[in-house]
Q: 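One structure is given below, represented as structure tokens, and several questions about it will come after.
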Amino acid sequence: MEFKYSIKNIIFNGVLIFFTVFIILSIFKNPDQAIPAHSDEPSVVETAIRISDGSVNPEFFRYPSGHMNILALIYKITDFFNGELTEENYYSIAWVFSRICIAGIAAMVFLICSINMNYYFGILGSVLTILSTTLNTHANFAIVDVSMAFFVTLFILILTILYSKSDWHFKYIILLAFIAGIAIAMKYTAALLIPALLLVSVVYVQKNRRLILSNKQIKKVLLILGMSLLMVSAMIKINQQSILDYFTGLTTDGILEIEYIRTLSNFSSFIMIIGILLIIFSLWNKLVQSEWTGFLISPSHLFTIFIVIIGFALFSPFTIIELKKSFADFMYEYRHMKIGFAAQYHHLSDEYRYIISNLSSTDSGIFYINLIFHNLGIIGIIFFFYGLYHMYLQKPAYSITLMIYLVLLLITLFTWKNVAVRYLLSIFPIMIVFIMHGLFTVSQIIIQKYSFNKYLVAIILYMIVLIQPIANFIN
């Protein structure tokens with residue numbers, strides 16, 4: 001099974017898989033697909049049309065405008081060569097872009113698995129990706145979750161390349177930060193990549209021993225930051241009513257819902273606690289002198305976040321320029337995610353109280369767990385945990401970085417009352433990488449302990465893992 005391919009061969013086969021998957025998705029697309037095919041499509045496509053027609057400001061802030069700006073550019077180029085586009089053309093182009101994203105995800109899973117394991121498991125990973133019903137069905141929907149999943153997977157690919165190298169260069173951190181910014185410009189949920197990115201930045205500082213502050217500087221940073229957070233918390237408490245009045249002015253109906261008030265209160269308490277802890281840490285000499293404190297408090301991390309902001313701003317500039325409008329829409333989306341359909345009603349209305357009283361704390365978790373089992377099967381889930389365990393033993397920093405995003409996203413989705421299949425799109429590529437690692441580890445153990453033909457072992461394991469995904473794809 002140890003068959004090593006050159007980088008050129010891996011890239012060539014990745015491109016081949018991309019075009020193969022794109023052709024398969026195009027063949028199996030629904031020829032009678034309605035326009036729009038998804039409830040989110042009108043907002044996405046119509047916004048992209050406005051931008052392509054010359055409206056610099058998208059005037060749509062429910063999502064960042066990264067996806068729409070990319071579509072607008074494609075519309076502009078297509079219009080230049082083919083003339084005026086019809087509504088059917090606009091939607092068809094948007095669907096093609098989504099198929100490109102899903103085909104790209106399959107190709108990147110192949111590259112990741114080829115780097116981590118070998119060529120054969122790379123192919124199997126791409127097959128499992130295309131057999132995922134959630135991924136292949138969304139290949140024909142013009143929605144922002146698809147492009148976000150593409151850039152999250154690209155982030156994982158660059159991360160894999162970085163961890164496969166013995167020498168780390170800061171250019172990889174910059175590239176990762178820029179891709180994270182682009183992913184967030186597709187959809188805000190991708191901001192959950194930032195903790196994983198910061199961990200990579202910490203590992204870089206630890207490996208290269210660069211941009212490390214002195215103990216005296218660390219003490220000053222902790223003290224100043226702690227005092228600043230305490231002051232901000234105090235100012236929020238003192239001026240809470242003025243702040244609430246300001247946010248009320250951002251709403252369309254002049255009503256500030258109870259969830260926003262709770263969020264402000266919780267935020268104030270949170271930064272107060274963090275501020276107190278930072279001040280305590282600044283006075284704790286043993287902690288300040290710790291080597292890992294120097295790794296954690298480094299100017300490198302601030303620069304990394306700055307690159308994220310640049311990546312976001314380049315692809316969704318008016319989210320920042322029109323901050324008041326985008327913040328107001330973001331807060332409504334946040335409320336909608338947290339309490340589902342109850343977000344349509346005032347918090348003192350009978351409808352709101354009825355819906356809130358009937359919300360379940362476990363329904364969201366059950367929905368997503370069932371969806372994962374449906375896509376990957378019980379055998380796939382078993383190999384996922386086995387692969388996670390063994391990858392942690394072999395590559396602890398790499399596996400933890402992958403798991404940070406996966407766990408944070410699952411926790412977020414489990415706490416949201418609004419559920420949707422598309423919210424899991426960016427999780428499946430990561431889970432498939434762990435499944436392949438588990439499968440690879442088991443195959444190695446069987447080959448080493450028993451005198452079975454390695455190709456026969458691989459084929460049997462492949463079929464075991466693919467049974468349910470193939471059945472789902474056929475049905």
Side-chain angles (χ1 to χ4, degrees), residues 155 158-159 162-163 165-181 184 191-240 243 264-313 320 323 392 395-405 407-408:
F155 180 93
I158 303 302
L159 188 75
L162 177 61
Y163 274 101
K165 294 179 175 291
S166 56
D167 296 328
W168 282 35
H169 298 286
F170 197 62
K171 62 183 180 182
Y172 287 104
I173 309 298
I174 294 174
L175 181 58
L176 280 172
F178 190 71
I179 292 170
I184 300 167
L192 296 173
L193 284 173
I194 291 177
L197 175 65
L198 289 176
L199 175 60
V200 176
S201 182
V202 169
V203 174
Y204 167 81
V205 174
Q206 183 262 333
K207 280 179 173 287
N208 291 277
R209 307 283 169 165
R210 294 177 181 173
L211 300 171
I212 300 176
L213 301 176
S214 66
N215 291 341
K216 189 175 181 180
Q217 289 173 324
I218 291 173
K219 183 172 288 192
K220 284 183 178 179
V221 168
L222 289 173
L223 186 59
I224 292 171
L225 189 57
M227 292 296 293
S228 299
L229 290 177
L230 278 182
M231 288 176 63
V232 171
S233 176
M235 292 299 292
I236 291 175
K237 294 289 186 184
I238 294 169
N239 298 288
Q240 181 166 325
I243 296 171
L264 180 63
S265 178
N266 292 338
F267 175 73
S268 175
S269 300
F270 174 74
I271 62 172
M272 180 184 67
I273 293 169
I274 296 298
I276 292 171
L277 288 175
L278 290 177
I279 292 172
I280 293 172
F281 292 159
S282 70
L283 302 174
W284 190 352
N285 289 330
K286 189 174 181 180
L287 181 69
V288 170
Q289 293 167 6
S290 169
E291 190 177 43
W292 275 99
T293 304
F295 301 152
L296 291 169
I297 303 172
S298 167
S300 168
H301 313 323
L302 284 177
F303 183 75
T304 300
I305 296 298
F306 177 69
I307 298 299
V308 173
I309 295 170
I310 290 176
F312 178 87
I320 297 174
L323 187 58
Y392 174 76
K395 306 173 183 177
Y398 174 67
S399 58
I400 290 172
T401 308
L402 294 183
M403 284 302 297
I404 285 174
Y405 175 76
V407 170
L408 286 177

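Computed from a predicted model, the values in this text were never measured in an experiment. Below, all heavy atoms of this structure are taken into account, side chains as well, without hydrogens, waters or symmetry copies. Numbering starts at 1 and runs along the sequence shown.
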Q: For a 4.5 angstrom cut-off between non-hydrogen side-chain atoms, does Leu229 reach Met272?
A: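 With C-beta onward as the side chain, the pair stays apart.
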Q: Can you list the residues that meet the side chain to side chain contact (heavy atoms under 4.5 Å, CB included) rule with Lys165, with sequence neighbours excluded?
A: Ile161, Tyr172
Q: Just to verify, what does Ser298 make a side chain to side chain contact (heavy atoms under 4.5 Å, CB included) with, not counting sequence neighbours?
A: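 By the side chain to side chain contact (heavy atoms under 4.5 Å, CB included) rule, Ser298 matches Val205, Leu211, Ser300, His301.
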Q: Can you tell if the side chain of Leu222 reaches within under 4.5 Å of the side chain of Leu283, non-hydrogen atoms only?
A: no
Q: How long is the straight-line distance from OG of Ser201 back to CD1 of Ile194, given to the nearest 0.5 Å?
A: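 OG of Ser201 is found 12.5 Å from CD1 of Ile194.
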Q: Between the side chain of Ser269 and the main-chain N/O of Ser265, is any donor-acceptor distance below 3.5 Å?
A: yes
Q: Apply side chain to side chain contact (heavy atoms under 4.5 Å, CB included) to the pair Ile173 and Leu162, showing each step before the final yes or no.
A: CA-CA 9 Å; Ile173 309 298; Leu162 177 61; 4.1 Å; yes
Q: Heavy-atom distance under 4.5 Å between the side chains of Leu193 and Ile184, does that happen here?
A: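 Heavy-atom side-chain distance check fails, nothing below 4.5 Å.
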Q: Could you pull out all residues at least two apart from Met227 that satisfy side chain to side chain contact (heavy atoms under 4.5 Å, CB included)?
A: Leu223, Ile279
Q: For Thr401 and Tyr163: C-alpha separation, side-chain torsions, deciding distance, then whether side chain to side chain donor-acceptor pair (under 3.5 Å) applies.
A: CA-CA 10 Å; Thr401 308; Tyr163 274 101; 3.2 Å; yes
Q: Can you find a heavy atom in the side chain of Leu278 that is under 4.5 Å from one in the side chain of Val221?
A: no
Q: Answer yes or no: is there a side-chain heavy-atom contact under 4.5 Å between Val200 and Thr304?
A: no
Q: Using side-chain heavy atoms (C-beta onward) and a distance below 4.5 Å, is Tyr405 in contact with Phe155?
A: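 Sidechains of Phe155 and Tyr405: no contact.
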Q: In Å, rounded to the nearest 0.5 Å, how long is the span from OG of Ser233 to CD1 of Ile276?
A: 8.0 Å
